[in-house]
Asker: 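I'd like to ask some things about the structure below.
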There are 2 protein chains.
Amino acid sequence: MLSKTKEHPSAEEIYLSVHKVYPAIGLTTVYRTLELLVQNGLVFKFDFGDGRARFELSENPQSIGHHHHLVCTGCGRIIDYTDFIDEEIELLKRTEKGLSKKHHFTIMNHLIQFYGLCDRCQKSR
Amino acid sequence: MLSKTKEHPSAEEIYLSVHKVYPAIGLTTVYRTLELLVQNGLVFKFDFGDGRARFELSENPQSIGHHHHLVCTGCGRIIDYTDFIDEEIELLKRTEKGLSKKHHFTIMNHLIQFYGLCDRCQKSR
DNA sequence: CTGGTTGCAAACGGTTTGCATTTTT
DNA sequence: AAAAATGCAAACCGTTTGCAACCAG
């Protein structure tokens, strides 16, 4: 029913792609369905601060599901990085385990973002 | 000019508190000023996915400026945690250094969020 | 006089909601 | 027939923008 068309599709992008297959479906239904899926942990909802929510299926193999970004606070550019992931994952696993136990949370995903200024924005000041 | 009234105040909360001191100021000016400050790296802008942006001064001593949260995807509850921070900081410092060099980013802050279901939301399903 | 800052009100854009209709059981 | 799901249009709400008034140099 939900095809994975993009890395982090927005609700509207999901609507458009689903609409191709089921032209009868409306944007409202997409929103309502997404809300359900998110509440049941089947889909994750992220917010990169660009005004629209992003969604992603959580059925991925473990190796995926890491959301590590560099966000430029000057121009809003977002860079996905994959460096140092191994070390990070190792620590994150431990941290998740500890946090789950202590706060009685079932952790299903995580988001790591570094904020700063990209090369372009550093020069332009 | 900007008083630090809360951990992560929204634009409107900032407006209200500034407005008490300078009743002449308008919400628009707050937004415009915040945008400037964010672009110059003096203030950080976060998004917890609740529809409004959150801001925080970046003039803090280094030990602060860590934004580590547990976010419940069921009910939206946000828990600030401080466990495992030391280990994380150690890794983050290394990661930041590497990323800065490789992507020519000046990293000034970071955000770590774990998504999952809190104890309440696990039961209610 | 010129350029920048401000507040107000209107516009904007993604998301949510009310409600009548359709579908499902 | 009752309950659930759907689409449409309107409402919502945080944020942005156009514009005229105001202020600074």
Side-chain angles (χ1 to χ4, degrees), chain A residues 1-3 5-57 67 69 71-78 111 115 121 124-125, chain B residues 1-3 5-40 42-57 69 71-78 111 115 121 124-125:
Chain A
M1 186 153 186
L2 271 183
S3 56
T5 45
K6 237 186 160 186
E7 186 86 1
H8 309 298
S10 68
E12 193 175 357
E13 288 167 339
I14 291 171
Y15 162 68
L16 287 174
S17 83
V18 176
H19 192 264
K20 282 180 190 154
V21 190
Y22 297 89
I25 208 169
L27 184 54
T28 312
T29 304
V30 170
Y31 273 110
R32 282 193 276 233
T33 308
L34 282 171
E35 193 193 340
L36 259 174
L37 294 172
V38 167
Q39 281 179 359
N40 288 33
L42 300 170
V43 161
F44 293 110
K45 182 180 184 178
F46 295 107
D47 207 312
F48 295 116
D50 65 339
R52 72 193 69 193
R54 308 283 176 165
F55 300 88
E56 172 172 323
L57 292 183
H67 307 273
H69 308 274
V71 180
C72 177
T73 54
C75 64
R77 194 148 65 107
I78 293 175
L111 171 69
Y115 294 87
C121 290
S124 63
R125 276 191 307 118
Chain B
M1 186 152 184
L2 272 185
S3 55
T5 45
K6 236 188 165 186
E7 186 86 1
H8 308 298
S10 69
E12 193 175 359
E13 288 168 338
I14 291 172
Y15 162 69
L16 288 174
S17 84
V18 176
H19 192 263
K20 282 179 190 154
V21 190
Y22 296 89
I25 207 168
L27 183 54
T28 311
T29 304
V30 171
Y31 274 109
R32 282 194 276 232
T33 308
L34 282 172
E35 193 194 338
L36 258 174
L37 294 172
V38 168
Q39 281 178 359
N40 287 33
L42 299 170
V43 161
F44 293 110
K45 182 179 184 178
F46 295 108
D47 206 313
F48 295 114
D50 65 337
R52 73 194 66 193
R54 308 281 176 166
F55 300 88
E56 173 172 321
L57 292 182
H69 309 273
V71 180
C72 177
T73 54
C75 62
R77 193 148 67 105
I78 292 174
L111 171 69
Y115 293 87
C121 289
S124 62
R125 275 191 308 121

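Just so we're clear, the structure is a prediction, and the values are computed from it rather than from any experiment. Letters A, B, ... mirror the listed sequences (proteins, then strands); counts begin at 1.
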Asker: Nearest 0.5 Å please: distance from the CG atom of Leu111(B) over to the CZ atom of Phe44(B).
Answerer: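 So the gap between those two atoms works out to 11.5 Å.
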Asker: Between dT16(C) atom C1' and Tyr15(A) atom OH, what is the distance in whole Å?
Answerer: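 Rounded to whole Å, this separation is 16 Å.
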Asker: Could you check how far OH of Tyr22(A) sits from C1' of dA5(D), rounded to whole Å?
Answerer: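 Rounded to the whole Å, the gap is 15 Å.
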Asker: Can we call the ring centroids of Tyr15(B) and Tyr31(B) under 6.0 Å apart?
Answerer: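 Here the rings of Tyr31(B) and Tyr15(B) have centres that are no less than 6.0 Å from each other.
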Asker: Roughly how many Å is it from CG in Leu36(B) to C1' in dT5(C), rounded to a whole number?
Answerer: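 After rounding, the reported distance stands at 11 Å.
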Asker: Which listed nucleotide (dT17(D), dT15(D), dT6(D)) is nearest to the side chain of Arg32(B)?
Answerer: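 In terms of side-chain proximity for Arg32(B), the closest of dT17(D), dT15(D), dT6(D) is dT17(D).
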Asker: Nearest to the side chain of Thr28(A), which nucleotide is it out of dC19(D), dC8(D), dG14(C)?
Answerer: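 Per side-chain heavy atoms of Thr28(A), the pick is dC8(D).
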Asker: Grab the CD-C1' distance between Glu35(B) and dT16(D) for me, whole Å please.
Answerer: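 In whole Å, dT16(D) C1' lies 9 Å from Glu35(B) CD.
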Asker: Could you tell me how far apart Arg52(B) (CZ) and dT15(C) (C1') are, to the nearest whole angstrom?
Answerer: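 Those two atoms, CZ and C1', are 14 Å apart.
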Asker: Check the pair Leu34(B), Ile14(B) against side chain to side chain contact (heavy atoms under 4.5 Å, CB included), reporting the backbone distance first and the verdict last.
Answerer: CA-CA 10 Å; Leu34(B) 282 172; Ile14(B) 291 172; 4.0 Å; yes
Asker: Under 6.0 Å between ring centres, would you say that holds for Phe46(A) and Phe55(A)?
Answerer: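 Ring centroids of Phe46(A) and Phe55(A) are no less than 6.0 Å from each other.
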Asker: How long is the line joining CG of Asp47(A) and C1' of dT15(D), in whole Å?
Answerer: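 From Asp47(A) CG to dT15(D) C1': 14 Å.
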Asker: To the nearest Å, how far apart are Leu27(B) CG and dC13(D) C1'?
Answerer: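 Between C1' of dC13(D) and CG of Leu27(B): 12 Å.
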Asker: Rounded off to whole Å, could you give me the NZ-to-P distance for the Lys45(A) and dT16(C) pair?
Answerer: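 In whole Å, dT16(C) P lies 5 Å from Lys45(A) NZ.
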Asker: Could you tell me whether the phosphate oxygens of dT15(C), OP1 or OP2, come under 4.0 Å of any side-chain nitrogen or oxygen in Tyr31(A)?
Answerer: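 Indeed, a polar side-chain atom of Tyr31(A) lies that close.
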